[in-house]
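Reviewing the structure listed below.
Being a predicted model, the structure only gives us computed values, none of them experimental. Side chains are part of it too, since the values below use all heavy atoms of this structure and drop only hydrogens, waters and symmetry mates.
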Amino acid sequence: MKLKQLEKSGIQAIKILRESKLKNGLPFMINSNELPSDQCYLEYPDGSIQLVSLCRKNNDFKVIAQYSSADGSQIREKYQLL
């Protein structure tokens, strides 16, 4: 299988997982190499997106930023989630 085909199938698998999580009322974690290793985006079923940091001592997330709808759309587009 060619590299482009593998990349396309990987993106499609992520989209299916995302849709399933959101449909079941669960947040979807968007990891990025552009963020520090303890940070990620969480997308919620209502369409909101937060930048969060993992707090290891209580195994929970700390919200760093809440994004507007427009910013959320840009994040989804950047990571090919639309």
Side-chain angles (χ1 to χ4, degrees):
M1 199 178 264
K2 293 181 180 177
L3 185 58
K4 284 283 187 190
Q5 290 173 317
L6 283 173
E7 183 178 306
K8 190 174 181 179
S9 350
I11 291 169
Q12 193 59 29
I14 289 169
K15 286 180 179 181
I16 291 168
L17 175 61
R18 174 181 170 262
E19 184 179 324
S20 174
K21 296 278 254 176
L22 296 175
K23 196 179 281 186
N24 287 305
L26 300 170
F28 178 72
M29 182 183 291
I30 304 167
N31 290 304
S32 171
N33 290 335
E34 296 173 9
L35 296 172
S37 63
D38 66 336
Q39 293 181 8
C40 65
Y41 299 104
L42 289 179
E43 178 184 15
Y44 292 90
D46 68 0
S48 65
I49 293 183
Q50 297 176 338
L51 175 63
V52 297
S53 176
L54 177 62
C55 297
R56 295 195 189 278
K57 77 177 179 182
N58 61 355
N59 207 27
D60 201 3
F61 292 107
K62 176 185 174 188
V63 177
I64 298 170
Q66 175 76 38
Y67 293 97
S68 68
S69 295
D71 290 337
S73 292
Q74 288 176 346
I75 291 169
R76 286 181 199 88
E77 187 176 323
K78 180 178 182 174
Y79 295 103
Q80 301 176 7
L81 298 173
L82 298 175

Throw together a table of side-chain donor-acceptor distances under 3.5 angstrom for residues 63-70, partners on residues two or more places apart or in other chains.
| residue | atom | partner | partner atom | Å |
| --- | --- | --- | --- | --- |
| Q66 | OE1 | Q50 | NE2 | 2.9 |
| S68 | OG | D71 | N | 3.2 |
| S68 | OG | D71 | OD2 | 3.3 |

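- Here the CG-CD distance, from L81 to E43, works out to 6.5 Å after rounding to the nearest 0.5 Å.
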For residues 21-42, dump all side-chain donor-acceptor pairs below 3.5 Å to protein atoms at least two apart in sequence or in another chain.
| residue | atom | partner | partner atom | Å |
| --- | --- | --- | --- | --- |
| K23 | NZ | E19 | OE2 | 3.4 |
| N24 | ND2 | S20 | O | 2.8 |
| S32 | OG | E34 | N | 3.0 |
| S32 | OG | Y79 | OH | 2.6 |
| E34 | OE1 | K78 | NZ | 2.3 |
| D38 | OD2 | S53 | OG | 3.2 |

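- In this structure a side-chain-to-backbone donor-acceptor pair under 3.5 Å is missing from R18 to I14.
- Judged as a side chain to side chain contact (heavy atoms under 4.5 Å, CB included), and not counting sequence neighbours, the contacts of Q80 are I11.
- Listed by first then second residue, pairs satisfying salt bridge (Lys or Arg N to Asp or Glu O under 4.0 Å) with a partner in residues 45-70 number zero, not counting sequence neighbours.
- Taken from CD in E77 to CD in Q74, the straight-line distance is 7.5 Å, to the nearest 0.5 Å.
- L17 and Y44 end up in different hydrophobic clusters when Ile, Leu, Val, Met, Phe, Trp and Tyr side chains are linked at under 4.5 Å.
- L82 belongs to no multi-residue hydrophobic cluster, having no ILVMFWY side-chain contact under 4.5 Å with any other such residue.
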For this session: Please lay out, stage by stage, how F61 and L54 fare under the test side chain to side chain contact (heavy atoms under 4.5 Å, CB included).
Result: CA-CA 5 Å; F61 292 107; L54 177 62; 4.3 Å; yes
